[in-house]
Number of protein chains: 4
Amino acid sequence: MTIKQTQILEAALHLFSEEGYHATSTSKVAKHANVSEGLIFRHFQNKEGLLSALLEEGKQCLKTVFVPIVNEEDPKQVIQKTLDLPFEITEIAHGYWKLLFKLKVEQRYDDRELMKPLDQALTKAFMKLRFRSPELETQNLILTLDGITMSILNETLNNESEFKQFLMNKYHIEI
Amino acid sequence: MTIKQTQILEAALHLFSEEGYHATSTSKVAKHANVSEGLIFRHFQNKEGLLSALLEEGKQCLKTVFVPIVNEEDPKQVIQKTLDLPFEITEIAHGYWKLLFKLKVEQRYDDRELMKPLDQALTKAFMKLRFRSPELETQNLILTLDGITMSILNETLNNESEFKQFLMNKYHIEI
Amino acid sequence: MTIKQTQILEAALHLFSEEGYHATSTSKVAKHANVSEGLIFRHFQNKEGLLSALLEEGKQCLKTVFVPIVNEEDPKQVIQKTLDLPFEITEIAHGYWKLLFKLKVEQRYDDRELMKPLDQALTKAFMKLRFRSPELETQNLILTLDGITMSILNETLNNESEFKQFLMNKYHIEI
Amino acid sequence: MTIKQTQILEAALHLFSEEGYHATSTSKVAKHANVSEGLIFRHFQNKEGLLSALLEEGKQCLKTVFVPIVNEEDPKQVIQKTLDLPFEITEIAHGYWKLLFKLKVEQRYDDRELMKPLDQALTKAFMKLRFRSPELETQNLILTLDGITMSILNETLNNESEFKQFLMNKYHIEI
DNA sequence: AATGAATGAGGGTTCATTCAT
DNA sequence: AATGAATGAACCCTCATTCAT
């Protein structure tokens with residue numbers, strides 16, 4: 001992985017996740033990456049290949065982000081950490097999270113496999129907390145996560161911490 | 001409004017809401033509408049004008065869809081009807097709902113004005129039901145609605161009625 | 001000749017002579033003439049037909065403008081009146097004059113027949129005034145007229161009367 | 001400057017100056033230049049950029065053409081060389097000269113700055129020759145030059161040398 | 001006579017991609 | 001590995017023109 005390759009991936013991640021895959025031209029990526037347009041194709045075959053590379057990276061990155069959640073024993077912590085996801089501190093994971101969301105809408109790309117560990121961790125947590133329908137609770141929470149992500153992308157979520165607190169209370173968790 | 005004009009709007013609504021605004025070319029719209037491409041521009045000036053026309057129609061349509069919710073006295077009914085929204089029976093309203101969602105992601109287009117009546121009706125309902133934070137409950141529900149809409153678009157929501165039932169129970173509403 | 005026909009011709013004359021034949025679309029003409037676009041084609045077959053009609057009118061109009069010059073006995077007056085041509089008072093003749101000039105450049109349309117009377121009148125005048133090469137003087141003057149017309153069109157002739165006076169002096173004519 | 005870039009400029013110069021800017025499509029330029037249409041936009045951004053590039057070149061070229069006139073000491077030579085301008089031997093300068101003329105009519109593009117050196121040289125020459133109104137003489141000559149250029153473009157000037165001789169005589173210059 | 005809907009060809013321009021260097 | 005020239009298809013849009021009313 002050369003420096004330029006990384007530059008391309010970074011530029012593409014930023015642009016794809018902010019403006020969308022279709023709305024981002026390869027020339028724009030090249031310009032933002034300070035790289036010749038041809039190089040993109042040398043390294044990633046075509047635009048879709050670039051996206052795939054990004055997705056592969058994204059999956060790896062997010063998997064590691066999920067690790068602390070999956071390994072968490074305290075069910076309340078599992079939920080709290082999950083709710084923190086879209087606000088994730090690390091710039092890079094944040095970018096992948098947004099990218100995956102954008103793709104879900106733009107390309108109907110939905111990676112079940114990736115989310116499965118999180119899914120299972122949540123279901124386990126809800127079971128431990130003796131919720132009546134752990135699977136449905138999980139489904140609901142993950143789906144709410146999408147809603148939050150969209151609000152963040154649109155910059156219409158202007159009461160973050162308050163809203164997070166509210167959700168926590170819903171699950172009888174105090175911070 | 002001529003027949004062909006309607007054909008154009010219908011084709012555009014379908015394509016924009018299914019495949020996205022950017023991914024849909026005007027020539028594709030024309031083909032689907034069985035119309036010459038030039039006609040689109042005669043009637044709607046440009047591609048964006050076509051989108052605007054669609055949005056205008058969509059807003060009017062959705063406003064009328066909101067009427068029964070806004071006029072509803074029973075707060076539980078308000079919530080139930082709101083949860084029904086993304087599954088709306090009328091094909092046409094369904095299309096606009098999906099379009100607005102797609103645009104929210106693709107173009108960061110978010111029409112607060114349109115949603116305000118629904119927002120207020122929900123807040124009033126949650127107040128009547130003595131929820132502690134009606135505004136936050138509303139925010140959460142509307143945001144969940146987005147999540148549901150996305151699932152529907154991606155055809156990954158395969159337990160509709162069960163999930164809806166689950167949400168209702170969350171609000172202590174029995175069907 | 002209906003009112004609308006006249007409106008079309010007027011709009012076309014104005015636009016063709018100001019912005020050029022190519023740069024003027026039939027739709028623009030229709031709009032300026034407050035007329036449906038189709039009507040242009042009903043009356044003039046096609047865009048070129050509209051131009052031809054205009055040219056026909058223009059020739060007639062300019063012929064009548066030439067009459068006082070051709071009939072003028074005093075050779076100095078012939079020259080003076082000729083020099084007045086591009087500044088012609090009547091709006092309408094002015095328009096045709098500009099149109100013909102524009103076409104000469106844009107379409108290489110050059111109507112020798114039209115100019116012949118003026119040509120002959122000038123040659124006769126220069127002969128009377130005992131110029132050595134009346135034909136060449138005529139050629140020069142007519143060609144200078146083109147230069148003046150261009151200056152007027154470009155609004156770069158800002159010393160009209162002074163310059164006209166200067167030309168008159170060249171021919172030993174005092175005003 | 002690649003070969004193809006030059007081919008594009010050459011084709012554009014030829015077509016713009018012969019048929020006009022508006023009447024020349026970029027696809028026509030591409031065809032004449034034996035080049036893909038897209039390449040025009042890669043190198044010159046857009047059609048207007050192509051024109052600008054041509055103008056820039058043209059100005060440089062014509063400036064060098066003016067040099068021998070400006071440096072000329074003998075006032076009669078200054079005038080003679082000026083009159084030679086539209087008949088300029090070098091193909092390339094001839095093209096630019098015609099282009100600038102066409103643009104003056106089509107786009108009202110008139111570059112005063114470019115002509116200033118010639119203007120001043122002529123005024124100085126007329127002063128040396130003790131003409132009464134050197135500025136007006138200059139204005140007249142330059143304007144006549146436009147008339148001549150138009151005749152050349154329309155191929156209606158069929159007594160070139162005779163006419164040039166005639167003009168020289170007007171300025172009491174013998175060849 | 002007059003309108004305005006409708007068309008199809010062509011306009012300028014952008015795009016993903018390939019190729020020579 | 002990297003560039004930047006070059007391509008051709010597709011894009012949005014305008015044009016002159018026709019047709020039904």
Side-chain angles (χ1 to χ4, degrees), chain A residues 1-5 7-8 21-30 33-50, chain B residues 1-5 7-8 22-30 33-50, chain C residues 1-5 7-8 21-31 33-50, chain D residues 1-5 7-8 21-30 33-50:
Chain A
M1 179 81 82
T2 68
I3 294 174
K4 303 232 166 189
Q5 236 163 321
Q7 284 171 355
I8 293 170
Y21 175 75
H22 253 104
T24 304
S25 67
T26 50
S27 108
K28 211 175 185 175
V29 173
N34 262 102
V35 144
S36 74
E37 205 175 345
L39 198 58
I40 294 176
F41 294 89
R42 178 155 200 357
H43 285 310
F44 306 100
Q45 279 75 263
N46 50 34
K47 198 185 172 185
E48 226 189 301
L50 175 56
Chain B
M1 182 79 82
T2 67
I3 295 175
K4 302 232 167 189
Q5 230 163 323
Q7 285 170 358
I8 292 171
H22 256 105
T24 304
S25 70
T26 50
S27 103
K28 207 173 185 177
V29 174
N34 261 104
V35 145
S36 74
E37 201 177 348
L39 196 59
I40 294 175
F41 297 92
R42 189 191 202 301
H43 285 309
F44 305 100
Q45 276 80 264
N46 49 38
K47 197 185 172 186
E48 223 188 305
L50 175 56
Chain C
M1 180 80 82
T2 68
I3 294 176
K4 303 232 165 188
Q5 236 164 320
Q7 283 171 353
I8 293 171
Y21 175 74
H22 253 105
T24 303
S25 67
T26 50
S27 106
K28 208 172 186 177
V29 173
K31 238 166 261 162
N34 263 100
V35 144
S36 73
E37 205 175 346
L39 198 59
I40 294 175
F41 295 88
R42 177 152 201 0
H43 284 310
F44 306 100
Q45 279 75 261
N46 50 35
K47 197 184 172 186
E48 226 189 301
L50 175 58
Chain D
M1 182 79 82
T2 67
I3 295 175
K4 301 233 168 186
Q5 229 164 323
Q7 284 170 356
I8 292 170
Y21 176 73
H22 255 105
T24 304
S25 70
T26 50
S27 101
K28 206 173 185 177
V29 173
N34 261 104
V35 144
S36 73
E37 202 177 348
L39 197 59
I40 294 174
F41 298 91
R42 189 190 203 302
H43 285 309
F44 305 101
Q45 277 82 261
N46 48 37
K47 197 185 173 187
E48 223 189 305
L50 175 57

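Order of the sequence lines sets the chain letters (A, B, ...), proteins ahead of strands, with each chain counted from 1.
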Indicate yes or no for a side-chain donor-acceptor contact from K47(A) to the backbone of T24(A) under 3.5 Å, with no hydrogens or angles considered.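 The answer is yes, because a donor-acceptor pair under 3.5 Å joins these two groups.
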Checking K4(C) side chain against S36(C) main chain: does a donor-acceptor pair fall under 3.5 Å?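 No; zero donor-acceptor contacts below 3.5 Å.
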[N]: pairing nucleotide in any strand, Watson-Crick or G-U under 3.5 angstrom:
N: dA1(E); result: none
N: dA16(E); result: dT7(F)
N: dT14(F); result: dA9(E)

Are [X] and [N] close enough that a side-chain N or O sits under 4.0 Å from OP1 or OP2?
X: H43(B); N: dA6(E); result: yes
X: K4(A); N: dT3(F); result: yes
X: R42(D); N: dA5(F); result: yes

Return the 5'-most residue of the pair T24(D), Q45(A) with respect to DNA chain E, ranking by each residue's nearest nucleotide.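 Checking each residue's closest nucleotide, the 5'-ward one belongs to T24(D).
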Closest-nucleotide ordering on DNA chain E, the 5'-leading residue of E48(D) and E37(C):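 Comparing both residues, the 5'-ward one is E37(C).
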Any side-chain donor near an acceptor of the partner, E37(D) and T26(D), under 3.5 Å: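 Looking only at side-chain atoms, T26(D) and E37(D) do form a donor-acceptor pair, the distance falling under 3.5 Å.
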Give Q5(D) one of three labels, base, sugar-phosphate or nothing, depending on what nucleic acid heavy atoms sit under 4.0 Å from its own.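 Here Q5(D) touches no strand at all.
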Looking at every strand, decide which applies to T26(A) at a 4.0 Å heavy-atom threshold: base, sugar-phosphate, or nothing.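 Base contact.
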A30(A) and I40(A): which non-hydrogen atoms are nearest, and at how many Å?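 For A30(A) versus I40(A), the nearest heavy atoms are N-CD1, 3.9 Å.
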With respect to the side chain of [X], which nucleotide from [options] is positioned closest?
X: F41(A); options: dT17(F), dC13(F), dT18(E); answer: dT18(E)
X: S36(C); options: dC13(F), dG8(F), dA2(E); answer: dA2(E)
X: L39(C); options: dT17(E), dA6(E), dT3(E); answer: dT3(E)

Non-hydrogen side-chain atoms of H22(B) and Y21(A) separated by less than 4.5 Å: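 They are not in contact (no side-chain heavy atoms under 4.5 Å apart), so the answer is no.
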Nearest 0.5 angstrom please: I8(B) CD1 to N34(B) CG, how far?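 So the gap between those two atoms works out to 11.0 Å.
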Specify the separation, in whole Å, of atom [atom1] of [X] and atom [atom2] of [N].
X: K47(D); N: dT14(F); atom1: NZ; atom2: P; answer: 15 Å
X: Q7(B); N: dA6(E); atom1: CD; atom2: C1'; answer: 12 Å
X: F44(B); N: dT14(F); atom1: CZ; atom2: P; answer: 15 Å
X: N46(D); N: dT14(E); atom1: CG; atom2: C1'; answer: 12 Å
X: I40(C); N: dA16(F); atom1: CD1; atom2: P; answer: 9 Å
X: L50(D); N: dT13(E); atom1: CG; atom2: C1'; answer: 14 Å

For I3(D) and G38(B), take the nucleotide of DNA chain F holding the closest heavy atom to each; which residue's nucleotide lies nearer the 5' end?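 The residue whose closest nucleotide sits nearer the 5' end is I3(D).
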Want to settle it: does T2(D) or S27(B) sit nearer the 5' end of DNA chain F, counting the closest nucleotide to each?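 Final value for this comparison: T2(D).
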